[in-house]
Structure formats: structure tokens, C-alpha cells
Amino acid sequence: AFASAARAQLPIVELGAGMHLIRAELAADDPSRMQGLMFRKSLGQNEGMLFVFDEVTTHCMWMKNTFVPLSVAFLDASARIVNIADMTPQSEESHCASQPARYALEMRRGWFAERGIGPGFTIRGPGAQMKRGPRGAP
């Protein structure tokens with residue numbers, strides 16, 4: 001119940017990847033980043049989660065308590081994809097950015113590959129929508 005309540009309060013941001021529209025839940029603080037997509041049973045076709053980090057550095061993601069197979073794209077400060085990793089459900093294996101990243105975008109596994117989206121591709125939306133207020137609030 002708590003996870004559902006926390007999830008219901010996350011804002012949704014619209015992002016663009018070429019001609020594809022993404023509706024991503026925004027994880028921009030420590031509690032929402034720690035929860036991520038844990039305990040979800042499904043994820044819509046063009047739905048995901050955008051993680052916004054306070055620092056541009058080499059961030060890592062894992063899939064503990066996450067049941068949906070995911071791909072994660074790490075994005076630099078200008079929202080350019082630096083690398084993409086496919087992740088295995090319920091695994092504690094770390095998947096890390098190959099270069100310093102500001103964002104991580106998790107989508108259903110294979111979403112990026114199915115659309116020909118890879119490193120060097122820019123995701124539209126994060127920079128303009130993520131102007132941060134006091135204490136890291138979006």
C-alpha cells in the first residue's frame with residue numbers, strides 16, 4: 001500500500017525520443033530514486049521512469065525487488081545517451097553509466113533497441129523540465 005501511495009504522487013514528465021513520446025514518472029529525490037520501479041508487475045508500452053541525479057557522475061542501477069525486465073539509458077547533462085544496459089529482474093547486479101551521467105531513463109527491456117535508439121541519441125525534455133528548485137526539488 002505504501003509503495004502504491006508513493007508511486008501515485010510521482011509527477012509524470014513527457015519526453016521525446018525521435019518520433020516516440022515517453023510518459024515517465026519522475027524520480028528526483030532520494031526516496032523516489034531508491035523506490036524506483038520496485039514491486040511493479042507491469043509497465044505500459046511507452047511508460048518508464050526518469051531518474052534525476054543531484055550530481056553528474058558515474059551512477060549505477062540494479063533490479064532488487066523489481067519484477068519487470070528493464071533497459072536503462074544513462075544520459076549526460078545534455079540528455080544525450082551515453083550507454084544503455086539491459087537488466088535482469090530481481091538481480092542485484094549493478095549496471096553503471098560508462099561516462100558521467102545526470103539522468104537514467106528506465107523503460108521496458110528492449111524498448112530502445114526496438115526503436116533503433118542508442119548511444120549518442122538525445123532524449124528531448126529532461127533539461128527544460130528539470131530546472132531544480134531549492135534543496136533539489138524539481
Side-chain angles (χ1 to χ4, degrees):
F2 172 75
S4 296
R7 190 168 44 243
Q9 297 173 8
L10 292 179
I12 302 291
V13 294
E14 290 190 351
L15 307 172
M19 65 182 205
H20 306 284
L21 177 66
I22 299 168
R23 291 184 47 82
E25 293 178 54
L26 181 62
D29 59 20
D30 284 338
S32 62
R33 286 189 296 256
M34 289 171 62
Q35 175 73 30
L37 291 169
M38 288 171 46
F39 306 110
R40 303 284 177 101
K41 300 292 184 190
S42 64
L43 193 60
Q45 182 67 18
N46 290 317
E47 294 176 355
M49 181 169 280
L50 179 67
F51 295 79
V52 180
F53 299 107
D54 296 328
E55 296 180 25
V56 177
T57 190
T58 306
H59 297 284
C60 296
M61 309 293 278
W62 67 344
M63 295 280 286
K64 182 177 182 179
N65 298 319
T66 306
F67 304 119
V68 178
L70 299 172
S71 294
V72 59
F74 292 98
L75 315 175
D76 66 15
S78 61
R80 185 183 58 84
I81 297 174
V82 297
N83 67 297
I84 298 172
D86 289 336
M87 302 187 293
T88 303
Q90 301 188 66
S91 168
E92 293 186 25
E93 177 185 358
S94 288
H95 300 276
C96 301
S98 61
Q99 301 173 39
R102 173 76 160 102
Y103 311 100
L105 177 59
E106 288 183 341
M107 300 293 289
R108 178 182 58 72
R109 186 171 19 201
W111 190 92
F112 299 101
E114 291 164 6
R115 290 156 182 79
I117 297 169
F121 199 96
T122 298
I123 301 296
R124 292 185 316 278
Q129 295 186 44
M130 304 304 118
K131 299 249 187 236
R132 302 181 72 72
R135 297 181 6 179

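Atom set for the values below is all heavy atoms of this structure, side chains included, hydrogens, waters and symmetry mates excluded.
Taking 4.5 Å as the limit, every side-chain heavy atom of Met38 sits out of range of all side-chain heavy atoms of Phe67. Between Leu70 and Leu37, the closest side-chain pair of non-hydrogen atoms falls below 4.5 Å. In this structure the side chain of Glu93 never reaches within 4.5 angstrom of the side chain of Trp62, judged on heavy atoms. Within the 4.5 Å cutoff, side-chain heavy atoms of Phe51 are placed close to those of Met61. The shortest distance between side-chain heavy atoms of Leu10 and Leu26 does not fall below 4.5 Å. Between Arg109 and Pro89, some side-chain heavy-atom pair lies under the 4.5 Å cut-off. By the 4.5 Å heavy-atom criterion applied to side chains, Arg102 and Leu75 are not counted as neighbours. Contact annotation: the side chain of Ile81 never approaches that of Thr122 to less than 4.5 Å [non-hydrogen atoms, C-beta and beyond].
In this structure, OG1 on Thr88 lies 6.0 Å from NE2 on His95, to the nearest 0.5 angstrom. Atom OG of Ser94 and atom CE of Met63 lie 12.5 Å apart (nearest 0.5 Å). We find the CG-CG distance between Asp54 and Asp30 to be 6.5 Å, quoted to the nearest 0.5 Å.
Sequence neighbours left out, the pairs with a member in residues 64-84 that pass side-chain hydrogen bond (donor to acceptor under 3.5 Å, both in side chains) are Ser71-Asp86, Asp76-Ser78, Asp76-Arg80, Asn83-Ser98. The stretch residues 12-88 participates, sequence neighbours left out, in these disulfide bond (SG atoms under 2.5 Å apart) pairs: Cys60-Cys96.
A salt bridge does not link Arg124 with Glu14: none of the charged nitrogens is closer than 4.0 Å to a carboxylate oxygen. Under a 4.0 Å N-O distance rule, the pair Arg40/Glu106 does not qualify as a salt bridge.
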Next on the checklist: Quick one, Leu105 with Phe112, criterion side-chain contact (heavy atoms from CB on, under 4.5 Å). Give me CA distance, side-chain angles, the key distance, then yes/no.
Outcome noted: CA-CA 10 Å; Leu105 177 59; Phe112 299 101; 4.0 Å; yes

Next on the checklist: What verdict does the side-chain contact (heavy atoms from CB on, under 4.5 Å) test give for Ile84 and Val72, after you've listed the backbone C-alpha separation in whole Å, the side-chain angles of each residue and the deciding distance to 0.1 Å?
Outcome noted: CA-CA 5 Å; Ile84 298 172; Val72 59; over 6 Å; no

Checklist entry - Between Glu114 and Met107, does a side-chain contact (heavy atoms from CB on, under 4.5 Å) hold up when you go through it step by step? => result CA-CA 12 Å; Glu114 291 164 6; Met107 300 293 289; over 6 Å; no

Return a table of donor-acceptor pairs under 3.5 angstrom between the side chains of residues 41-49 and protein atoms on other chains or two or more places apart.
from  : atom 1 : to     : atom 2 : distance (Å)
Asn46 : OD1    : Trp111 : NE1    : 2.9
Glu47 : OE1    : Gly44  : N      : 3.1

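Residues Phe121 and Leu50 share a single hydrophobic cluster, defined by chaining ILVMFWY side chains whose heavy atoms lie under 4.5 Å apart.
The two residues Tyr103 and Ala77 come nearest to each other via the heavy atoms CE1-O, 4.0 Å.
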